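The structure displayed is predicted, hence computed values, not measured ones. Chain identifiers are assigned alphabetically (A, B, ...) following the order of the sequence lines, protein sequences preceding nucleic acid strands; residue numbering begins at 1 within each chain.
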Amino acid sequence: MTTSDAFRLLVPVADSVTVRNTVAYAVDVATEAAADRPVELHVVDVASTRAVDPDAPAELAAASDLLDRVEAWVDEDTGGERPSNLSLVTEVLGADQYLFSPGDYADVLLSYADEQAIDRIVLDPEYSPGGAGPMLRPLTIELARGDVAIEEAPVERRTERTVLTRAASLPKYLAVFGASYLFYMLLSAWKPIDVFTGFLTATLVAVLLAPVAFSDQPSFTRVAKQTVRMAIYTPYLFKEIAVANLQIAYVVLHPDLPIDPEVVELKAAVWGDTAVTTLANSITLTPGTLTVSVTDRAFAIHSLTAGSRADLFDGGLERAVRFVFYGREAAAIATPRERGDDGGHSDG
Amino acid sequence: MTPVEWAIVALALLGAFFGAVAAIGIIRMPDIYTRAHAASKSDTLGAVLTIAAVALALESSLSTVKAVFLVIFMFLTNPTAAHAIARAAEDQGIEPWTTEDEQ
């Protein structure tokens with residue numbers, strides 16, 4: 001039973017990198033407060049799908065699993081001896097309604113806070129229920145509607161995103177300026193006024209976009225080499241695309257629709273964002289293969305026919321992309337089938 | 001007709017053919033992934049061939065350059081769009097159709 005003078009703390013949790021430390025911090029606050037009055041620590045998981053949904057059982061199971069872990073963490077943080085006036089309440093909220101916006105989540109949390117006479121809400125800085133984007137700022141603003149104190153747990157936040165802007169250097173400015181000037185002139189009519197407006201536009205673009213344009217320092221020799229090799233790669237890619245289309249046309253127009261689709265895994269031996277993107281796009285453009293998802297080097301590829309899988313694991317495209325980005329030596333790496341990076345599809 | 005005109009007609013017809021293949025493929029294929037195959041490949045080539053015909057037909061060098069840019073952007077964006085659709089389908093947990101699903 002709740003006593004009126006108890007200190008009540010509400011911690012909404014969801015799986016995140018900082019949830020463990022947030023719970024630890026909340027336990028610290030609670031233990032400190034428990035020295036002179038009863039404390040209730042409410043840990044809640046807000047479910048985003050309704051209990052009647054087909055995928056709700058999985059989500060609700062994950063939620064109660066997380067809350068079980070939270071209980072174990074609380075025991076761990078209190079050294080196995082929870083102070084007698086510190087009580088832990090865990091609950092899954094919101095399983096009876098659809099929640100979309102931070103406002104919806106705030107409504108659920110505030111109405112719970114109201115019911116339970118919560119004194120303070122401790123927020124996990126990486127809290128993002130339902131796997132949506134970052135939620136902390138909008139949620140904090142929405143929660144301010146209520147009359148509960150809100151606090152962000154002071155935990156180490158791991159930076160997960162790479163920074164978008166990097167220090168711009170002269171080569172970067174020149175490269176962006178040159179590329180945009182060239183593009184402008186190619187699209188314009190080469191009148192004197194275009195030379196002038198092109199210069200202005202290219203300057204503006206370079207100043208604004210040079211900091212985000214390259215992931216590393218552009219080097220003239222490397223870019224020149226890659227351009228030449230790209231020029232060699234393009235006809236090869238065109239040939240592959242032509243073959244791909246004839247095969248697709250054959251399959252599509254064949255009365256029996258002879259397809260045997262399967263999703264296969266390929267651990268590609270290419271590195272770096274540009275190379276991986278190029279390979280992913282090339283795979284999508286060529287015979288019967290479609291890149292579904294890419295995690296680091298692991299490609300999930302939907303293939304239309306057995307023949308297209310065999311071609312994929314022969315690694316012609318992969319080799320060509322390596323050639324474009326790293327030169328001839330790298331092109332000689334073994335094929336995915338020889339490396340055993342074909343997810344056990346060696347029979348083709 | 002001059003050879004260039006023949007080339008224009010041939011490219012436009014081929015482009016129309018692959019466009020038609022893409023449309024037929026989208027209707028005949030059994031699920032979203034296989035349809036994305038038809039849409040991403042045949043459609044790209046169909047559009048590219050048609051634009052190539054346009055590039056030849058427009059004799060002014062400027063418009064030809066613009067048409068070539070269109071082709072390049074088509075090659076960059078079409079597979080990306082197909083990938084985005086397939087990935088969205090995968091995120092939604094849609095299972096790919098296999099020959100075993102065929103009754």
Side-chain angles (χ1 to χ4, degrees), chain A residues 54-55 58 131 182-183 185-191 194 234 237-238 240-264 277-295 299-306 308, chain B residues 14 17-18 20-46 48-49 60-66 68-69 72 75-102:
Chain A
D55 52 348
L182 186 67
F183 187 62
M185 291 319 288
L186 284 175
L187 292 187
S188 68
W190 291 94
K191 291 192 200 113
D194 290 327
T234 309
L237 184 65
F238 270 65
E240 292 287 313
I241 290 172
V243 174
N245 276 283
L246 291 177
Q247 289 184 355
I248 291 281
Y250 170 78
V251 166
V252 163
L253 300 177
H254 193 287
D256 298 336
L257 203 64
I259 56 172
D260 175 23
E262 190 182 340
V263 176
V264 290
T277 309
T278 307
L279 179 60
N281 268 1
S282 303
I283 285 174
T284 301
L285 277 173
T286 48
T289 48
L290 175 69
T291 310
V292 173
S293 72
V294 182
T295 315
F299 288 63
I301 295 164
H302 187 272
S303 56
L304 202 54
T305 59
S308 62
Chain B
L14 269 176
F17 170 73
F18 282 112
V21 166
I24 295 169
I26 287 178
I27 295 168
R28 289 197 73 195
M29 292 295 190
D31 75 341
I32 185 165
Y33 299 100
T34 46
R35 283 179 177 151
H37 280 280
S40 66
K41 284 178 255 288
S42 312
D43 202 38
T44 311
L45 192 66
V48 164
L49 290 173
S60 109
S61 62
L62 193 64
S63 306
T64 308
V65 169
K66 286 179 187 170
V68 170
F69 273 121
I72 295 173
F75 269 119
L76 289 177
T77 51
N78 263 9
T80 311
H83 164 66
I85 292 170
R87 186 188 152 109
E90 196 205 23
D91 281 353
Q92 291 291 312
I94 298 173
E95 290 291 326
W97 182 93
T98 59
T99 41
E100 287 153 30
D101 295 342
E102 203 170 20

From [X] [atom1] over to [Y] [atom2], what is the distance, rounded to the nearest 0.5 angstrom?
{"X": "Thr80(B)", "Y": "Asn281(A)", "atom1": "OG1", "atom2": "CG", "result": "4.0 Å"}
{"X": "Phe17(B)", "Y": "Leu253(A)", "atom1": "CZ", "atom2": "CG", "result": "5.5 Å"}
{"X": "Thr277(A)", "Y": "Leu76(B)", "atom1": "OG1", "atom2": "CG", "result": "10.5 Å"}

When Leu45(B) is tested against each of Ile248(A), Leu246(A), Ile241(A) for side-chain contact (heavy atoms from CB on, under 4.5 Å), which residue passes?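 Result for side-chain contact (heavy atoms from CB on, under 4.5 Å) with Leu45(B): Ile241(A).
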
[Y] and [X], any side-chain heavy atoms less than 4.5 Å apart:
{"X": "Val292(A)", "Y": "Pro96(B)", "value": "no"}
{"X": "Met29(B)", "Y": "Val251(A)", "value": "yes"}
{"X": "Phe69(B)", "Y": "Leu186(A)", "value": "yes"}
{"X": "Tyr33(B)", "Y": "Val263(A)", "value": "no"}

For Thr34(B), is it the side chain, the backbone, both or neither that has a heavy atom under 4.5 Å from a heavy atom of chain A?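 Both backbone and side chain of Thr34(B) come within 4.5 Å of chain A.
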
Do side-chain atoms of His37(B) reach the backbone of His302(A) as a donor and acceptor pair under 3.5 angstrom? yes

Check whether Lys41(B) reaches the backbone of Ala249(A) with its side chain - one donor and one acceptor, N or O, closer than 3.5 Å. no

Selection from Ala300(A), Pro255(A), Ser282(A) maximising heavy-atom pairs under 4.5 Å formed with chain B: Pro255(A)

Side chain, backbone, both or neither: which part of Thr278(A) has an atom under 4.5 Å from a heavy atom of chain B?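 Neither part.
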
Taking all atoms of both residues into account, what is the closest heavy-atom pair of Thr291(A) and Ala86(B), and its distance? O-CB, 4.4 Å

